[in-house]
Structures are given as C-alpha cells and as structure tokens.
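Inspection log for the structure reproduced underneath, given as structure tokens.
All chains are named by letter (A, B, ...) in the order of the sequence lines, taking the proteins before the strands, and each is independently numbered beginning at 1.
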2 protein chains.
Amino acid sequence: MTTPPRVTIKDVAARAGVSKGAVSLAFNHKPGLSDATRDRIFEAARELGWAPNLAARSLSSRRVDVVGLAICRPAKLLGLEPFYMEFISGVESVLTEHSCSLLLRLVRTVEEEVGLQDSWWRGKQISGSILVDFRADDPRVAAVDRLGMPVVAVGHPSLTGGLTSVWTDDATAVTEAVRYLAALGHRRVARVGGAAALGHTAIRTAAFDEAARVLELAGAWQVATDFSGDAGARATRSLLTAAPADRPTAIVYDNDIMAVAGLSVASEMGLSVPGDVSLLAWDDSQLCRLTHPTLSAMSHDVHGFGADVARTLFGVITGDGAGSHPVPTPVLTPRGSTAPPRG
Amino acid sequence: MTTPPRVTIKDVAARAGVSKGAVSLAFNHKPGLSDATRDRIFEAARELGWAPNLAARSLSSRRVDVVGLAICRPAKLLGLEPFYMEFISGVESVLTEHSCSLLLRLVRTVEEEVGLQDSWWRGKQISGSILVDFRADDPRVAAVDRLGMPVVAVGHPSLTGGLTSVWTDDATAVTEAVRYLAALGHRRVARVGGAAALGHTAIRTAAFDEAARVLELAGAWQVATDFSGDAGARATRSLLTAAPADRPTAIVYDNDIMAVAGLSVASEMGLSVPGDVSLLAWDDSQLCRLTHPTLSAMSHDVHGFGADVARTLFGVITGDGAGSHPVPTPVLTPRGSTAPPRG
DNA sequence: GCAGTTGCCTATACCGGTTTAGGAGTGCGC
DNA sequence: GCGCACTCCTAAACCGGTATAGGCAACTGC
C-alpha cells in the first residue's frame with residue numbers, strides 16, 4: 001500500500017513556475033493567460049497527474065456539478081420497469097455535456113425522499129434535483145419551496161404546485177387509446193392502471209372514465225395495481241373470467257410489463273389475442289416487439305423525455321427562462337395485439 | 001427569488017454560545033462535550049436549519065461518502081435489462097446504511113470509463129468504485145492499479161487482474177444448465193450468448209463447449225449477440241430454421257430478455273415450447289414468470305449480489321479484510337419452458 | 001514624454017468545515 | 001496548599017481550491 005502522492009494545485013504551480021491563481025485560471029478556461037503559460041501549466045499538470053479537488057472547488061466557488069434523483073418504488077419493480085433506466089440514460093446524456101454527475105438514490109417513502117433532498121441540498125451536495133412520481137398533495141412541493149432548491153418536477157402541473165414541471169399529457173393519451181379501441185368497434189373496455197397513489201394514475205383514471213362516458217361504452221372497468229407483472233396478471237385474469245358476453249374485449253395497461261403479463265394470461269386461458277381480446281401496452285419499450293403477437297402500445301420517447309427534463313433543470317439552475325412544458329403526447333402504435341372484436 | 005440564508009457552522013456556534021469546534025464535535029458524535037452543550041448545539045442547528053456543508057467536510061477530513069459506478073452498455077439495452085436496476089438496488093441497500101451515495105454514469109466505451117474513474121478519483125469525488133462488465137485485457141485493471149483507487153471488480157479473477165473481485169461461477173452454472181438439458185434427453189443444444197467482448201461471455205462459451213464435449217452431445221451451437229431482444233430473436237430464428245432433425249431441441253440464453261424474444265419466435269414459427277424446443281433463461285427476473293409458458297431459468301439473487309459487492313467495497317476502502325470471493329452459483333429453476341425432447 | 005489602457009500574472013483573503021494544541025476549571029490525594 | 005489528572009471547551013492552523021485587488025510591463029494616443 002504505497003502512500004498516495006497527494007498532489008495539489010500548489011505543486012502544479014511550482015512545477016510550471018507560476019502562482020496557484022494562474023493554474024486555476026488555466027483549468028477553468030478563463031482569459032488572462034498567454035498561450036505559452038497555459039501550455040506550460042497543462043503540461044505540468046499532466047506530468048504530475050493532477051486534477052482539481054472538486055470538494056475544494058465547490059467550497060470556494062459554491063457550485064457543484066451534481067444533480068439528484070431519488071426514486072421511490074420497490075426495488076423489485078424498478079428492475080423490471082424499462083422506463084426508469086431509459087429515462088436515466090436520457091438525463092445522463094444531457095448531464096454529460098455539462099460534465100455533471102447524477103446522484104441516484106432509491107428510497108422507500110416520499111417522506112424519506114423529503115429528508116434526503118433536504119440533506120442533499122443543505123449539505124450543498126447537489127445543485128438541483130429531479131422529482132418524479134408525484135402524488136396528490138405531495139409533500140415535496142412544500143419542502144422544496146421551503147428550501148428554495150432548483151428542481152424540475154416530472155408531473156402534471158395540477159400535481160406539482162408551482163414547481164417547474166415537465167409532463168406527458170396522460171389525459172389526452174388515454175383518451176386517444178380509448179377512442180382507438182372504440183373505433184375498432186370495442187364496446188367493453190378495461191384499464192389495468194398503475195399505483196393508485198400516483199398522480200398520473202389518477203389523471204389517467206379520470207380521463208378513462210370521461211372517455212368511456214363520451215363514447216357511451218357499454219362497459220368500462222378500471223383496476224389499480226402496483227405496476228408489477230404479477231399484479232397485471234392477476235388483474236387480467238380477474239377481468240377475463242367473466243362470461244364472454246360480459247367481459248372486456250380490450251384492455252389498456254399502464255406499462256409494458258403488465259401488458260406482457262396480460263398477454264400470457266390470455267394465452268394461458270386459451271383466449272386469442274387480438275381475436276378474443278385486444279391488448280394495449282404503455283411506454284412502448286423494446287419489450288413490446290418481443291412478444292407474439294407484438295404488442296400495440298402508446299408510445300413515447302422516454303430517453304428524450306429524460307433529456308428534456310435535464311435540460312429544463314439546467315435552465316432552472318442557471319435561471320434562464322426554463323418554463324414548465326409538456327413533452328409530446330404518447331402516440332398510438334398499432335401492432336399485433338389490437339384488432340376489431342370478434343363478431 | 002429570496003436570497004438564501006447561507007447558514008454556516010459559525011452561525012450555529014454563535015447561537016449555541018460555543019465555538020465552531022464544539023459544533024463539529026457534536027455533529028460527528030465525538031466525545032469531549034457535556035450532554036447539556038451537545039443538546040444546546042443540536043437545538044441551535046435545528047432552529048437554523050443547518051446541515052454541514054459536505055464539500056467543506058470532505059475537504060478538511062479528506063473523506064467522501066460517495067462511491068462510483070459506471071456502466072458501459074448502450075442505453076437502449078440497459079433499459080430493458082432487469083439485471084442492472086436490481087443490482088443497483090442491492091448496492092444502494094448497503095450504501096444507505098453507511099449514509100453513502102452512488103454516483104452513476106452511463107458511458108459508451110471502456111476508455112471513456114477509464115477517463116471517468118480517473119477524474120472521479122483524482123478529483124476526490126469518490127472514495128471507491130464498482131467496476132462491472134470486464135473484458136479480456138481490460139484497461140481498467142492497469143488504470144486502477146496506477147491510481148491506487150479502492151475498487152471491487154465484478155467479474156472472475158481471471159479477468160480482473162489482482163483487483164478484489166466478486167463473481168458468479170458462470171462456468172459451473174453453464175455446465176449445470178447443459179447437464180440438466182442433457183439429462184432431460186436433449187442431444188442437440190444451442191446457446192444464445194451475450195456480447196462476445198465481455199469476459200463472462202467468453203467463460204460461458206468455453207464452459208458450454210467443454211460441457212458439450214464431455215456429455216458427447218450430437219450438436220452444440222453457440223451464437224454471440226448484443227444482449228438485445230432483437231438479437232435474441234434473430235439468433236433463435238436462425239437456429240430454428242434448420243430441418244427438424246438437425247435443429248437444436250434446447251436453447252440456453254444469456255439473459256431473460258433474449259429468452260422472452262426466443263419464446264415469441266418459437267411461437268411465431270409454430271413451434272411449441274417445450275414440446276418442440278426447450279428454452280432456458282438466465283438471471284431469472286420476474287419476467288420469467290410472466291410468459292406463457294413460464295421460463296425455466298438459471299436463477300440467482302441479483303439484489304443480494306449487489307449488496308455483497310457494496311459490502312466488499314466498504315471492506316476494501318476501510319482496509320479490513322475484504323477478500324475476493326464468489327457469490328452463490330446460479331441454480332436451475334425449472335418451469336414450463338423445459339421438458340424432454342419429443343420422440 | 002506622460003497619462004491611460006491593456007495583457008499577464010501574483011498575493012492573499014476567502015469558502016466552511018476538521019483537527020490539533022492548549023487553557024480554564026474542578027476534584028482528589030497528601 | 002500544591003501537584004496532578006480529568007473534563008469541557010476554545011483558538012487557530014489547516015484542507016485545496018477560487019476570486020479579487022493590484023503590480024508591473026509594454027503599448028497606445030496625443
């Protein structure tokens with residue numbers, strides 16, 4: 001175990017024959033140095049293998065290049081949910097451009113998240129945060145207001161208080177989904193929704209009811225789940241056990257996993273998809289093209305969503321005109337799992 | 001936009017009527033303070049809403065409570081791969097106990113990762129790192145040696161140089177998988193492997209060949225992919241288009257996604273699973289229980305794996321006896337997708 | 001030829017904690 | 001009454017950067 005060299009800015013300055021300040025200027029690409037000196041400094045730093053100590057830098061410059069993201073869902077579900085990794089990769093793609101890092105934490109409850117964001121912010125560990133999975137009367141709104149921390153809330157403005165928000169128009173998307181199924185001729189439609197506590201679930205639920213009313217569907221069921229495949233399977237099984245004349249002929253799911261599970265339940269029950277029942281997934285990850293039949297889905301660009309959120313966060317942090325805005329509404333991508341009902 | 005209060009240790013000290021040092025002692029739970037003073041300090045901090053500035057802390061105490069993790073796979077694949085999120089959640093579960101955070105970054109190449117780890121470490125941003133997805137002659141081994149950075153390498157010791165490693169015994173697992181299929185009566189077996197560049201893929205490939213040799217199988221095919229569902233589907237299609245007497249009667253996949261894709265290809269080709277062909281997945285995420293038939297799989301505790309890795313990293317960082325060790329070998333979990341071959 | 005500007009660089013005071021050496025008060029033994 | 005140990009606390013020197021005021025030439029304009 002050799003003792004590490006501990007090379008600091010002073011060593012670099014000495015080696016290059018300049019002052020600490022000069023090295024600082026060079027490494028922050030600020031004007032006031034001749035090209036020759038600049039080169040000499042970089043050369044010295046390279047030889048010594050020096051990189052600025054970020055703790056020291058953020059202490060004196062009072063800025064950090066880190067943003068936070070806390071996700072509050074059971075670990076088991078997260079692994080399966082393609083949404084998050086794709087979202088994160090979108091966020092990352094923008095952070096990287098700004099040489100900014102992502103501090104990630106999985107939490108169990110919103111309260112825990114509030115505590116975490118609080119200590120991240122007060123500990124000056126992050127320069128801002130991305131808030132996801134809003135619920136009604138979300139405690140994070142007040143907490144963030146109190147802290148004055150820059151954030152972007154991923155969720156409909158009706159849920160996110162006055163926070164800068166980026167959201168998908170779930171109501172319109174649900175309406176489009178139901179309209180499409182109705183246009184195919186379906187009169188009995190069900191929806192297997194996500195966690196009831198989440199705000200966007202409530203929005204989708206209301207939109208579904210409204211669409212069913214407007215379209216005068218003969219039957220419209222909704223059931224809440226925890227987003228897991230198991231729950232999706234259970235819900236599907238329960239929906240499809242009704243007598244053929246009473247059961248739904250089409251089911252909309254709130255994510256891809258549950259739709260995959262639903263597909264397998266239908267097959268297990270000897271029902272053909274889309275012959276006996278049409279299935280419509282949500283998010284449209286690659287998974288939807290891996291099943292047989294392939295899954296029709298409400299499709300959106302999750303990677304781009306994440307990137308947009310990150311860009312907006314930078315806007316909030318720097319203070320220039322970052323406004324709340326929706327991202328493009330998910331569009332229907334018909335594949336093999338939807339068709340007109342039999343008969 | 002109200003100007004933030006900027007409360008520091010000095011304010012807390014003043015309010016509690018003590019020195020900065022006393023506040024520091026209190027917040028680090030060190031001895032040398034009366035209970036009364038301690039209480040007064042915490043009370044003052046609470047009233048002012050103060051939390052120590054972590055940059056300042058790590059600058060003077062030269063320790064940070066952050067560990068790094070860079071993942072080098074195309075974003076599109078990551079989203080679908082249940083492995084990582086589960087792994088991360090396992091890592092997190094241990095980090096949280098130590099109030100340590102995870103710095104996550106998705107990178108495109110190993111070279112990029114080397115640069116990243118380098119700047120993380122030299123910038124004193126992390127106290128150690130988790131290295132995954134080793135390949136033959138991995139440049140990270142030398143880089144980490146040079147830096148003297150504490151790491152845990154997730155990969156077989158044959159790949160990770162002298163680095164402290166935690167690994168799954170892929171060779172044994174592959175052998176068990178092949179043995180099981182052979183025991184069922186399969187004589188023509190294929191394997192749809194992962195990225196050829198990855199070390200563990202090579203290990204599995206070699207083990208598969210060896211097992212096929214020992215068991216004197218009549219046919220043993222292997223094909224490398226990029227882990228994506230599409231690639232898995234293509235590989236499966238190509239394997240199954242041979243004449244019935246020549247094609248494999250069982251296929252082992254290197255992850256769950258490709259197995260799901262394979263299942264759908266079989267169904268699309270009118271082949272029954274497991275009647276015409278047996279399918280065996282790898283990792284055993286929840287996905288394996290969502291298909292019809294359910295997927296037999298080589299199953300392991302990915303969450304526990306991540307937790308083990310994190311614990312080992314703490315051992316390396318603190319210097320106490322953290323040794324390389326394997327985690328439990330994946331075990332075969334038979335479900336509905338494997339059976340004796342027809343006839 | 002002299003003030004004014006400009007370009008390049010240094011000295012030094014921070015940032016907000018931790019960590020030392022040491023001081024003030026108390027209790028104890030003798 | 002004095003030395004000694006012990007408890008509780010303070011003052012001040014760090015940590016490794018950034019920011020800022022200012023110094024010194026050389027060049028400009030007139």
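- Partners of B:Asp65 by side chain to side chain contact (heavy atoms under 4.5 Å, CB included), not counting sequence neighbours, listed by chain and number: B:Arg63, B:Cys100.
- Annotation: salt bridge (charged side-chain N to carboxylate O under 4.0 Å, His left out) contacts of B:Glu97 (sequence neighbours excluded): none.
- With hydrogens and angles disregarded, no donor-acceptor distance shorter than 3.5 Å links the side chain of A:Thr164 to the backbone of A:Ser324.
- In the 5' to 3' direction, nucleotides of DNA chain D lying under 4.0 Å from heavy atoms of chain B begin and end at D:dC8 to D:dG16.
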Checklist entry - Using a cut-off of 4.0 Å between protein heavy atoms and nucleotide atoms, how would you tag nucleotides 7-20 of chain C 5' to 3' with B, S and -? => result -BBB----BBBBB-
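- A search for salt bridge (charged side-chain N to carboxylate O under 4.0 Å, His left out) contacts involving A:Arg122 returns A:Asp118, not counting sequence neighbours.
- Among residues two or more places apart in sequence or in another chain, the salt bridge (charged side-chain N to carboxylate O under 4.0 Å, His left out) test is passed with B:Glu47 by B:Arg15.
- Take B:Glu43 and apply the salt bridge (charged side-chain N to carboxylate O under 4.0 Å, His left out) test, not counting sequence neighbours, and it matches B:Arg46.
- For the segment residues 116-127 of chain A, the set of residues with a heavy atom within less than 4.0 Å of an atom of DNA chain C is empty.
- The two atoms that bring B:Arg6 and B:Asp11 nearest to each other are O-OD2, 3.8 Å, heavy atoms only.
- The ring pair (Phe, Tyr, Trp, His ring centres under 6.0 Å) test applied to B:Phe134 returns no partner, not counting sequence neighbours.
- Residues satisfying the side chain to side chain contact (heavy atoms under 4.5 Å, CB included) criterion with A:Gln117, sequence neighbours excluded, are A:Ala70, A:Glu113, A:Trp120, A:Ile126, A:Ser129, A:Leu131, A:Met149.
- Nearest approach of A:Trp50 to A:Thr8, heavy atoms of both residues: NE1-C, 3.4 Å.
- Atoms CD1 and CD1, on B:Ile71 and A:Ile88 in that order, are 9.0 Å from each other to the nearest 0.5 Å.
- Taking the screw axis at each terminus of the helix from C:dG1-D:dC30 to C:dC30-D:dG1 from five consecutive base pairs, the angle between the two is 40° to within rounding of 10 degrees.
- The stretch residues 301-317 of chain A participates, sequence neighbours left out, in these side chain to side chain donor-acceptor pair (under 3.5 Å) pairs: A:Ser89-A:His303, A:Asp308-A:Thr312, A:Asp308-A:His325.
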